[in-house]
There are 2 protein chains.
Amino acid sequence: MRAGERLETLLWKRSDGGGWSLPGGFVRPHETLDDAMARHLREKVGVERVGHIEQLSTASRPDSHPDLWLVDVAHIALLASDTDPRLPPDTDWHPIDDLPDVAFGHRAVIEQARDRLRGKLSYSNIAFALAPETFTLRELAALYSAVLGHPVDPTNLGRVLERDEVLEATGDRRPAGESGGRPAAVYRFRERDYAITRPYAAFRPPSRAS
Amino acid sequence: MRAGERLETLLWKRSDGGGWSLPGGFVRPHETLDDAMARHLREKVGVERVGHIEQLSTASRPDSHPDLWLVDVAHIALLASDTDPRLPPDTDWHPIDDLPDVAFGHRAVIEQARDRLRGKLSYSNIAFALAPETFTLRELAALYSAVLGHPVDPTNLGRVLERDEVLEATGDRRPAGESGGRPAAVYRFRERDYAITRPYAAFRPPSRAS
DNA sequence: TCAAAAGTGTTTATAATACACCCATGG
DNA sequence: CCATGGGTGTATTATAAACACTTTTGA
């Protein structure tokens with residue numbers, strides 16, 4: 001998945017006329033799941049750096065083929081918005097809230113991935129995987145807005161993420177555009193590994209010793 | 001897992017002297033993963049009703065056996081604290097914060113499961129899977145406390161969960177014990193299916209139309 | 001000097017926690 | 001009538017969202 005103007009997912013147009021489906025592939029002997037995922041992303045869409053990847057769900061398909069016992073392991077891969085994968089033919093990005101005709105089962109997987117991402121955006125630093133290396137608060141707010149589906153205020157977003165020690169200012173400023181305006185401060189994520197930055201939505205530990 | 005005085009997990013003592021490990025088993029042909037999990041819980045520990053079960057992680061093990069390609073799918077199963085599984089020999093409950101010598105890899109899985117459960121406790125109704133059908137607020141607070149590892153106030157817990165429409169009063173009262181005291185109101189969970197009851201830790205949608 | 005964009009300071013709203021006090025029961 | 005546990009009401013605190021206003025730039 002990728003967050004441009006909207007949250008998008010990569011889909012592959014099936015040649016058998018069965019509509020679109022999630023891209024996938026097989027695991028080779030002596031290969032781990034993570035290695036296989038990295039290989040598919042590299043070989044099929046030319047993506048070397050994946051922001052974040054995690055497992056979603058696993059399904060066993062013992063009856064799909066007379067001689068094989070297939071096991072599907074769905075993953076979410078998050079790509080930075082400034083990476084530009086080279087798309088093979090029959091593969092394209094689709095806005096996640098306006099999907100085309102998707103093969104049975106995959107729609108539910110995509111929606112599960114979207115909901116998980118939306119949730120994690122509010123209690124973790126997961127956005128590092130979707131953002132470029134450095135960015136202004138306006139750009140980051142646009143990214144949050146694309147994922148969450150509602151407007152996000154850049155100022156308040158920055159204050160929340162700075163308090164949680166998720167962001168830090170680089171000290172640089174982005175020069176103003178042609179239409180003028182004050183130059184924007186440039187930020188980066190302190191950590192680029194997934195971390196829960198807000199453990200308690202409620203039921204936090206007592207503040208004083210009892 | 002189960003929450004009594006502490007959060008506990010079921011472990012199986014390996015006969016090969018390799019310490020303790022998570023209970024597991026194989027999936028049969030023409031059987032789904034969910035069916036296999038239900039069967040193992042039924043056959044091995046006599047548990048018919050599982051509060052909640054979800055997948056944790058999947059690992060491929062192509063090299064563990066010359067002729068087989070094994071795929072491990074770890075699950076979290078949550079049992080109500082009033083169910084009493086019949087334990088086979090060499091199987092026993094262990095407090096999750098005081099584990100014995102656990103086979104390599106399984107410790108990380110158990111800790112991942114614990115952390116996930118702690119997180120979900122604060123933004124979902126997941127506690128229904130650990131609680132008996134009905135309970136007092138004191139009992140529920142003890143359960144939360146066992147999982148979270150810090151004291152939880154019964155009154156405030158009830159207020160939060162009632163506002164989120166997670167709990168409802170049955171109307172019954174639990175008679176006082178031998179040492180007296182006011183009878184406690186009895187509650188139940190409104191829904192016994194997993195639901196996110198608190199979607200936003202931060203970055204909630206604007207309150208007014210822009 | 002005006003428009004545009006960024007940033008600061010502050011107010012407001014909300015909601016969880018903390019705490020003081022009252023209620024119902026058994027012995 | 002007192003100890004015990006449950007419950008109510010409210011004060012406190014924390015913090016996210018909203019908003020008014022200032023700063024910095026380009027034309």
Side-chain angles (χ1 to χ4, degrees), chain A residues 119 121-124 127 134-145 148 150-187 197-210, chain B residues 121-124 127 134-142 144-145 148 150-187 197-210:
Chain A
L121 217 52
S122 96
Y123 65 81
S124 80
T134 61
F135 44 82
T136 65
L137 290 182
R138 165 181 279 255
E139 290 161 0
L140 189 65
L143 189 157
Y144 271 75
S145 179
L148 295 175
H150 64 73
V152 173
D153 180 76
T155 303
N156 288 335
L157 175 71
R159 287 199 261 228
V160 168
L161 294 182
E162 271 188 310
R163 175 138 56 122
D164 287 351
E165 298 184 330
V166 170
L167 293 186
E168 66 184 359
T170 63
D172 295 338
R173 327 205 126 253
R174 187 71 56 84
E178 307 207 344
S179 61
R182 181 172 170 174
V186 176
Y187 290 81
T197 52
R198 190 172 285 264
Y200 305 103
F203 315 131
R204 57 176 175 275
S207 50
R208 307 179 189 187
S210 64
Chain B
L121 217 52
S122 98
Y123 66 81
S124 80
T134 61
F135 44 82
T136 66
L137 290 181
R138 162 180 282 253
E139 290 160 0
L140 189 66
Y144 271 75
S145 179
L148 295 175
H150 65 73
V152 174
D153 180 75
T155 302
N156 289 334
L157 175 71
R159 286 199 262 227
V160 169
L161 295 182
E162 273 190 311
R163 176 138 55 120
D164 287 350
E165 299 185 328
V166 170
L167 293 185
E168 65 184 358
T170 64
D172 294 340
R173 324 205 128 253
R174 186 72 53 85
E178 306 207 345
S179 59
R182 181 171 168 175
V186 176
Y187 289 82
T197 52
R198 189 170 287 264
Y200 306 102
F203 315 131
R204 57 177 175 277
S207 49
R208 308 182 190 185
S210 62

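Here is how names work: the chains are called A, B, and so on, in the same order as the sequence lines, proteins then strands, and each is numbered from 1.
Here Glu165(B) pairs with Arg190(B) under the side chain to side chain contact (heavy atoms under 4.5 Å, CB included) rule; sequence neighbours left out. Remark: Arg174(B) pairs with Glu139(B) by the side chain to side chain donor-acceptor pair (under 3.5 Å) rule, at least two apart or across chains. For the ring-ring contact (aromatic ring centres under 6.0 Å, His included) test, no residue two or more places apart in sequence or in another chain qualifies with Tyr187(A). Applying the side chain to side chain contact (heavy atoms under 4.5 Å, CB included) criterion to Pro183(B), with sequence neighbours excluded, gives Arg173(B). Looking at residues two or more places apart in sequence or on another chain, you find a side chain to side chain donor-acceptor pair (under 3.5 Å) between Glu168(A) and Arg188(A). Remark: Asp164(B) engages Arg198(B) in a side chain to side chain donor-acceptor pair (under 3.5 Å) (not counting sequence neighbours).
When the side-chain nitrogen and oxygen atoms of Arg174(B) are compared with OP1 and OP2 of dA24(C), none of them lie within a distance under 4.0 Å. Contact annotation: Arg138(A) reaches the phosphate of dA6(C) (side-chain N/O to OP1 or OP2, under 4.0 Å). Between dA13(C) and Ser207(B), no contact under 4.0 Å exists linking OP1 or OP2 to a side-chain N or O.
Along DNA chain D, the nucleotide nearest Arg173(B) and the nucleotide nearest Arg204(B) are compared for position; the residue whose nucleotide lies closer to the 5' end is Arg173(B). Looking at which nucleotide of DNA chain C each of Pro183(A) and Pro205(A) is closest to, the 5′-most match is held by Pro183(A). Heavy-atom nearest nucleotides on DNA chain C were determined for Glu178(B) and for Arg198(B), and the one closer to the 5' end corresponds to Arg198(B).
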Scan nucleotides 1-4 of chain D against the protein and return all N/O pairs shorter than 3.5 Å with their distances rounded to 0.1 Å.
| from | atom 1 | to | atom 2 | distance (Å) |
| --- | --- | --- | --- | --- |
| dT4(D) | O2 | Gly181(B) | N | 3.0 |

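Within residues 154-165 of chain B, the residues that place at least one heavy atom under 4.0 Å from DNA chain C are, in residue-number order, Asn156(B), Arg159(B), Val160(B), Arg163(B).
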Donor-acceptor pairs under 3.5 Å, side chain of residues 154-161 of chain A to any protein atom, not counting sequence neighbours: which ones?
none

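The OG1 atom of Thr134(A) sits 11.5 Å away from atom CG of Leu140(A), with the distance rounded to the nearest 0.5 Å.
Remark: P of dT17(C) and OH of Tyr144(B) are 12 Å apart, rounded to the nearest angstrom. In this structure, OH of Tyr200(B) is placed 22 Å from P of dA13(C), rounded to the nearest angstrom. In this structure, Tyr187(B) atom OH and dG6(D) atom P are separated by 12 Å, rounded to whole Å. Rounded to an integer number of Å, the gap from Glu139(A) CD to dA5(C) P is 13 Å.
Side-chain proximity of Ala184(A) to dA6(C), dG7(D), dA16(D): nearest is dA6(C).
In terms of heavy atoms, Phe203(A) sits closest to Ser122(B) at CD1-CA, 4.0 Å.
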